[in-house]
Amino acid sequence: MNNYKELLERYDTDELIEDLKEYGIVLDENQVCQLLKYYEILLEWNSFMNLTGITEYKEVIQKHFVDSLSLAGYMDLFTVHTVIDIGTGAGFPGIPLKIAFPHLKITLLDSLKKRIGFLNHVIEVLELSEINTVHGRAEDFARPDQCRESFDLCVSRAVANLSTLSEYCLPFVKTGGMFVSYKSEKVSEELEESGNAIHLLGGFPAKRNDFILHGSDFHRTLIFIQKQKKTPLKYPRKAGLPSKDPLC
């Protein structure tokens, strides 16, 4: 990313650097440049396809980058090696996690081919290694002949109830691994209602962290679900059922 050092002259990065320190993250100059270039690519592609409704620089920094990386304040990511991001969309949280923690081997899964094209472009321009994209549905990619139960960590910022997300995500997690769901505030009822589904899928709610994203008024909850045992092979059910008829 040496060709992009001039990015540091175009943007104020003080808030980004300070906010990330709150979560124990210190980025070098190249990593900061990678985030800035990611922002510019996001804006460029967002002009002709729907990637995000958030485009103002400070908002993208807070609500996409810092939010994605806030996980580091509540989990030791240096003990994690393999990660899958389900319903990654424009690459959140997977790409910021890869930039900040280059040792991670990351898979980005999304059902929309156009978004996969965007993600592949970002990966190429930022010169990221050991990160790949998958075009498809979680229900299909979680089959035993694909990548079932092969990741230390599954993350998702997708908008869905926790029962549905757990059916999509837990089948990918190794026994002993973790699924982390990024949620907004007021999730207590949702967490309670998903308890039986999480148990059926081989997990249990290990902890939750509620906080206001540093430097903002953005409420966030991270729900950590530990994988205790293998997920029964009948889950996830066929395409569409986890969202249309959530486990209860």
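Just the heavy atoms: all of them, side chains too, but no hydrogens, waters or symmetry mates, feed the values below.
- Here the CZ atom belonging to Phe179 is positioned 4.0 Å from the SG atom belonging to Cys169, to the nearest 0.5 angstrom.
- Listed by chain and residue number, Trp45 satisfy the ring pair (Phe, Tyr, Trp, His ring centres under 6.0 Å) test with Phe48 (two or more places apart in sequence, or in another chain).
- Residues forming a ring pair (Phe, Tyr, Trp, His ring centres under 6.0 Å) with Phe211 (at least two apart in sequence, or on another chain): Tyr74.
- Aromatic pair Tyr38/Phe65: centroids less than 6.0 angstrom apart.
- In the hydrophobic cluster analysis, where Ile, Leu, Val, Met, Phe, Trp and Tyr join through side-chain heavy atoms closer than 4.5 angstrom, Tyr182 is grouped apart from Ile212.
- Separating the CG atom in Leu222 from the CG atom in Asn209 is a distance of 6.0 Å, to the nearest 0.5 Å.
- For the 3.5 Å distance criterion, the side chains of His64 and Thr52 qualify, holding a donor opposite an acceptor.
- Side chain of Glu167 to main chain of Arg237: a donor-acceptor pair is present (N/O by atom type, distance under 3.5 Å, no hydrogens or angles).
- Salt bridge status for Lys58 with Asp12: absent, with no side-chain N to carboxylate O gap under 4.0 Å.
- For Ser188 and Arg208, the side-chain atoms include at least one donor-acceptor pair closer than 3.5 Å.
- For the pair Gln226 and Gly176, the tightest heavy-atom approach, listed with the atom from each and the gap, is NE2-O, 2.7 Å.
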For this session: Check the pair Ile225 / Ser166 against side chain to side chain contact (heavy atoms under 4.5 Å, CB included), numbers first and verdict last.
Result: CA-CA 9 Å; Ile225 299 174; Ser166 295; 3.7 Å; yes
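- Between His199 and Phe204, the ring centre distance reaches or exceeds 6.0 Å.
- Counting only distance, with no hydrogens or angles, the side chain of Gln31 and the backbone of Ile99 share a donor-acceptor pair below 3.5 Å.
- Val60 has its side chain within reach of Tyr39: a pair of non-hydrogen atoms, C-beta onward, lies under 4.5 Å apart.
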Exercise. What's the verdict on side chain to side chain contact (heavy atoms under 4.5 Å, CB included) for Leu213 and Tyr23, showing C-alpha distance, side-chain angles and the deciding distance?
Worked result: CA-CA 10 Å; Leu213 199 61; Tyr23 303 104; 3.6 Å; yes
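- The list of salt bridge (charged side-chain N to carboxylate O under 4.0 Å, His left out) pairs with a residue in residues 187-201, not counting sequence neighbours, reads Lys183-Glu190.
- The pair Asp67-Arg220 meets the salt-bridge criterion, since a charged nitrogen lies less than 4.0 angstrom from a carboxylate oxygen.
- Note that CG of Leu233 is 8.0 Å distant from CD of Glu149, once rounded to the nearest 0.5 Å.
- With no hydrogens or angles considered, a side-chain donor-acceptor pair links Glu40 and Tyr11 at under 3.5 Å.
- Using a distance-only test at 3.5 Å, with no hydrogens or angles considered, a donor-acceptor pair links the side chain of Asp110 to the main chain of Gly89.
- Qualifying side-chain hydrogen bond (donor to acceptor under 3.5 Å, both in side chains) partners for Lys174, counting only residues two or more places apart in sequence or in other chains: Asp152.
- Within the structure, no pair that satisfies the salt bridge (charged side-chain N to carboxylate O under 4.0 Å, His left out) test touches residues 84-97, not counting sequence neighbours.
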For this session: Might you work through the side-chain hydrogen bond (donor to acceptor under 3.5 Å, both in side chains) test for Thr231 and Arg148, ending with a clear yes or no?
Result: CA-CA 9 Å; Thr231 301; Arg148 189 180 185 87; 4.9 Å; no
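- Across every non-hydrogen atom of Leu69 and Pro96, the tightest pair is CD2-O, 3.2 Å.
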Problem set entry | Worked verdict on Val83 versus Cys154 for side chain to side chain contact (heavy atoms under 4.5 Å, CB included) | CA-CA 6 Å; Val83 182; Cys154 177; over 6 Å; no
For this session: Tell me, with the steps shown, if Asn161 and Thr164 meet side-chain hydrogen bond (donor to acceptor under 3.5 Å, both in side chains).
Result: CA-CA 6 Å; Asn161 71 67; Thr164 297; 3.2 Å; yes
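- In this structure, Ser150 and Thr82 approach most closely via the heavy-atom pair O-OG1, 3.7 Å.
- Counting only N and O atoms by type, the side chains of Thr107 and Asn132 include a donor and acceptor under 3.5 Å apart.
- Going from atom CG of Leu7 over to atom SG of Cys33 covers 5.5 Å, rounded to the nearest 0.5 Å.
- Between the CG atom in Leu109 and the CZ atom in Phe141 there is a gap of 6.5 Å [rounded to 0.5 Å].
- Taking OG of Ser129 as the reference point, atom NZ of Lys105 lies at 10.0 Å (rounded to 0.5 Å).
- Looking at heavy atoms from C-beta onward, Phe218 lies out of side-chain contact with Ser184 at the 4.5 angstrom threshold.
- For Gln62, the side-chain hydrogen bond (donor to acceptor under 3.5 Å, both in side chains) partners are Asp19, not counting sequence neighbours.
- A donor-acceptor pair under 3.5 Å is absent between the side-chain atoms of Lys21 and the main chain of Val26, judged by distance alone.
- A salt bridge is absent between Lys37 and Glu127: the closest approach of a Lys/Arg side-chain nitrogen to an acidic carboxylate oxygen does not fall below 4.0 angstrom.
- Across all their heavy atoms, Ile25 and Leu27 have their closest contact at CG2-CD2, 3.6 Å.
- Under the 4.5 Å side-chain heavy-atom criterion for ILVMFWY residues, no single connected hydrophobic cluster contains both Leu162 and Leu241.
- Within a 6.0 Å radius of CG in Asp217, no more than 12 heavy atoms belonging to other residues, nucleotides or ligands are found.
- Closest non-hydrogen pair, Ile198 versus Leu170, comes out as O-CD1, 4.2 Å.
- For CD of Glu124, the number of neighbouring non-hydrogen atoms (other residues, nucleotides, ligands) closer than 6.0 Å is 12 at most.
- In this structure, His135 contributes its side chain and Ser111 its backbone to a donor-acceptor pair below 3.5 Å.
- The backbone N or O of Glu6 sits nowhere less than 3.5 Å from a side-chain atom of Glu9 that would complete a donor-acceptor pair.
- Residues Leu201 and Lys227 approach most closely at O-CE, 3.9 Å, considering heavy atoms.
- Looking only at side-chain heavy atoms (C-beta outward), Asn196 and Cys248 stay at 4.5 Å or farther from each other.
- By the rule that hydrophobic residues join a cluster once side-chain heavy atoms approach within less than 4.5 Å of another member, Leu20 and Phe78 end up as members of one cluster.
- The side-chain heavy atoms of Phe101 and Val80, taken from C-beta on, include no pair separated by under 4.5 Å.
- No side-chain heavy atom of Leu153 sits under 4.5 Å from any side-chain heavy atom of Phe172.
- Under a hydrophobic clustering in which Ile, Leu, Val, Met, Phe, Trp and Tyr are joined whenever their side-chain heavy atoms come within less than 4.5 Å, directly or via other members, Ile41 and Leu112 fall into different clusters.
- Residues Leu97 and Ile17 do not share a hydrophobic cluster, defined by chaining ILVMFWY side chains whose heavy atoms lie under 4.5 Å apart.
- A salt bridge does not link Lys238 with Glu139: every distance from a Lys NZ or Arg NE/NH1/NH2 to an Asp or Glu carboxylate oxygen is 4.0 Å or more.
- Using a 4.5 Å cut-off on side-chain heavy atoms (C-beta onward), Val180 and Ile223 make no contact.
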Problem set entry | Stepwise side chain to side chain contact (heavy atoms under 4.5 Å, CB included) test for Leu104 and His81 | CA-CA 5 Å; Leu104 295 175; His81 300 288; 6.0 Å; no
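- Checking Thr133, Val134, Leu108 one by one against Ile116, the side-chain contact (heavy atoms from CB on, under 4.5 Å) holds for a single residue, Thr133.
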